[in-house]
Amino acid sequence: MRNIEILPFDREFLLNAAKEAGFELSDEQCDSLERYYEVLVDYNNKVNLTAITDPKGVAITHFVDSLTLLNADIKEGARLADIGAGAGFPSVPAGIFRPDLDLTLIDSLNKRITFLEHLSSEIGVPLTALHLRAEEAGRKKELREQFDVVCARGVAKIYLLCEYCLPLLKKGGKLVCMKGPAPDDEIKEAKRAISELGGSLKEVKRFNLPDESGRSLVIIEKTSTTPAKYPRQSAKIAKIPLI
């Protein structure tokens, strides 16, 4: 077991960084994010959730970056699924800022699901955490075409995210792929997948975080029903990719 020290959280730094990114945090929201930081670093001593554990690193790279998901113009009361949710980024910080969102977090590792359920009880953010592979989720009747928004941060290339995520979206919903500063090659590579799975590229939003690192949101709208054969089994996805 590791022993990572929980350093004092810098609330003023978080408040200023969030404001610079366009998000005015309330005292209550800041309290929730501070507690999130403490739970994350403590739990990280027994389960590897993140390599970033310093307060400012967590504030920028995890919390503020996660909030930028909301720049995808997510409607009030949206049902949102976070694929490969890991330690809860981006959906949990987004849910702290927007408590109207209905959060479902999906991850293939049960130890992360256990953490997310613990986190939910500690910071008071309601969420549903499901131990599923992304391609399994898309074949479940109770999940397929049930979400207004599906997001993924640092999970896979866009053509793969389309197959994992578009089956979960309602018609008119949006897939938000959170990427670095240069997603253009991935977008070109995903052209076939976007079309075949019932999507259409809506827009790409590019911006910098307060530390000047580049980010982008690749937003794909669900324009038609995904064919029933998708998502395929993981072995077939790997063997015959939609590129």
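Under the 3.5 Å distance criterion, the side-chain polar atoms of Glu20 are left unmatched by any main-chain donor or acceptor of Ala18. Of the possible donor and acceptor atoms, one in the side chain of Thr226 sits under 3.5 Å from a partner among the backbone N and O of Leu197. Between the side chain of His131 and the backbone N or O of Asp107 there is no donor-acceptor pair closer than 3.5 Å. At least one donor-acceptor pair under 3.5 Å links the side chain of Thr61 to the backbone N or O of Gly57. Within the 3.5 Å criterion, the main-chain N or O of Ser108 finds no donor-acceptor partner in the side chain of Arg112. Arg98 places a side-chain N or O within 3.5 Å of a backbone atom of Ile74 that can act as its donor or acceptor partner. A donor-acceptor distance shorter than 3.5 angstrom exists from the side chain of Thr114 to the backbone of Asn110, with no hydrogens or angles considered. Side-chain atoms of Ser66 come within 3.5 Å of backbone atoms of His62 as a donor-acceptor pair (strictly under, hydrogens ignored). Arg79 places no side-chain N or O within 3.5 Å of a backbone atom of Asp102 that could act as its donor or acceptor partner. Side-chain atoms of Asp82 come within 3.5 Å of backbone atoms of Ser91 as a donor-acceptor pair (strictly under, hydrogens ignored).
At most 12 heavy atoms of other shown residues, nucleotides or ligands fall within 6.0 angstrom of atom CG in Asp27. The number of heavy-atom neighbours closer than 6.0 Å to NZ of Lys205, taken from other residues, nucleotides and ligands shown, is above 12. Counting non-hydrogen atoms of other residues, nucleotides and ligands closer than 6.0 Å to CZ of Arg133 gives a total of 12 or fewer.
The two residues Ala137 and Leu143 have their closest heavy-atom pair at O-CB, 3.6 Å. Among all heavy-atom pairs drawn from Ala87 and Leu116, the shortest one is C-CD2, 3.7 Å. Scanning both residues, Pro93 and Gly88, for their nearest heavy atoms gives CD-O, 3.4 Å. In terms of heavy atoms, Thr223 sits closest to Ser200 at CG2-CB, 3.7 Å. Ile123 and Ser32 get closest at one heavy-atom pair: CG2-O, 3.9 Å. The shortest non-hydrogen separation linking Arg192 to Pro241 is NH1-O, 4.0 Å.
Comment: Arg232 engages Glu163 in a salt bridge, judged by a side-chain N to carboxylate O separation of less than 4.0 angstrom. Taking a cutoff of 4.0 Å between a charged side-chain nitrogen and a carboxylate oxygen, Asp184 and Arg206 qualify as a salt bridge.
Taking hydrophobic clusters as Ile, Leu, Val, Met, Phe, Trp and Tyr residues chained together by side-chain heavy-atom distances below 4.5 Å, Ile83 does not share a cluster with Ile237. Residue Phe147 is not grouped with residue Phe89 when hydrophobic side chains (ILVMFWY) are merged at heavy-atom distances under 4.5 angstrom, including chains of intermediate members. Taking hydrophobic clusters as Ile, Leu, Val, Met, Phe, Trp and Tyr residues chained together by side-chain heavy-atom distances below 4.5 Å, Leu119 shares a cluster with Leu101. Grouping the Ile, Leu, Val, Met, Phe, Trp and Tyr side chains by contacts below 4.5 angstrom, directly or via other members, places Val218 apart from Val155.
A 4.5 Å side-chain heavy-atom check between Leu166 and Tyr164 finds every atom pair outside the cut-off. A 4.5 Å side-chain heavy-atom check between Thr104 and Leu80 finds every atom pair outside the cut-off. Annotation: side chain of Pro210 is in contact with side chain of Val64 (closest heavy-atom distance under 4.5 Å). Glu145 has its side chain within reach of Thr225: a pair of non-hydrogen atoms, C-beta onward, lies under 4.5 Å apart. Within the 4.5 Å cutoff, the side chain of Glu12 has heavy atoms near those of the Asp10 side chain. Side-chain contact between Leu33 and Val58: absent, with no pair of heavy atoms (C-beta onward) separated by less than 4.5 Å. A heavy-atom distance below 4.5 Å is not found between the side chains of Leu130 and Leu105. When side chains are defined from C-beta on, Phe115 counts as touching Leu49, because their heavy atoms get closer than 4.5 Å.
Under the 6.0 Å distance and 45° angle rule, Lys46 counts as a cation-pi partner of Tyr43.
The distance from the NZ atom of Lys191 to the CD1 atom of Ile158 is 14.5 Å, given to the nearest 0.5 Å. Taking CG of Leu201 as the reference point, atom SG of Cys162 lies at 9.0 Å (rounded to 0.5 Å). Atoms OG and CG, on Ser195 and Leu242 in that order, are 10.5 Å from each other to the nearest 0.5 Å. Considering CG of Leu127 and OG of Ser120, their distance stands at 4.0 Å, rounded to 0.5 Å. Here OG of Ser213 is found 4.0 Å from CG of Leu209. Values are rounded to the nearest 0.5 Å. Separation of atoms NZ (Lys19) and CG (Leu15) is listed at 9.5 Å; rounding is to 0.5 Å.
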Inset, instruction - Apply the test side chain to side chain contact (heavy atoms under 4.5 Å, CB included) to residues Val204 and Ile219: give CA-CA distance (whole Å), side-chain angles for both, the deciding distance (0.1 Å), then the verdict. - result: CA-CA 6 Å; Val204 181; Ile219 302 169; over 6 Å; no
Inset, instruction - Check step by step if side chain to side chain donor-acceptor pair (under 3.5 Å) holds for Tyr230 and Glu196. - result: CA-CA 10 Å; Tyr230 298 114; Glu196 192 159 327; 2.4 Å; yes
Inset, instruction - Test Glu38 against Glu122 for side chain to side chain contact (heavy atoms under 4.5 Å, CB included), laying out the working first. - result: CA-CA 10 Å; Glu38 293 168 348; Glu122 286 290 322; over 6 Å; no
Inset, instruction - For Leu25 and Ile96, run side chain to side chain contact (heavy atoms under 4.5 Å, CB included): C-alpha distance rounded to whole Å, both residues' side-chain angles, the deciding distance at 0.1 Å, then the answer. - result: CA-CA 10 Å; Leu25 294 171; Ile96 289 171; 5.9 Å; no
Residues 168-181 side chain polar contacts: donor-acceptor under 3.5 Å, at least two apart:
residue, atom, partner, partner atom, Å
Lys170, NZ, Asp148, OD1, 3.4
Lys174, NZ, Ala72, O, 2.7
Lys174, NZ, Asp73, O, 3.1
Lys179, NZ, Ala156, O, 2.6
Lys179, NZ, Glu186, OE1, 3.0

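Under the 6.0 Å cut-off for aromatic ring centres, Tyr37 and Phe63 do not qualify, their centroids lying 6.0 Å or more apart.
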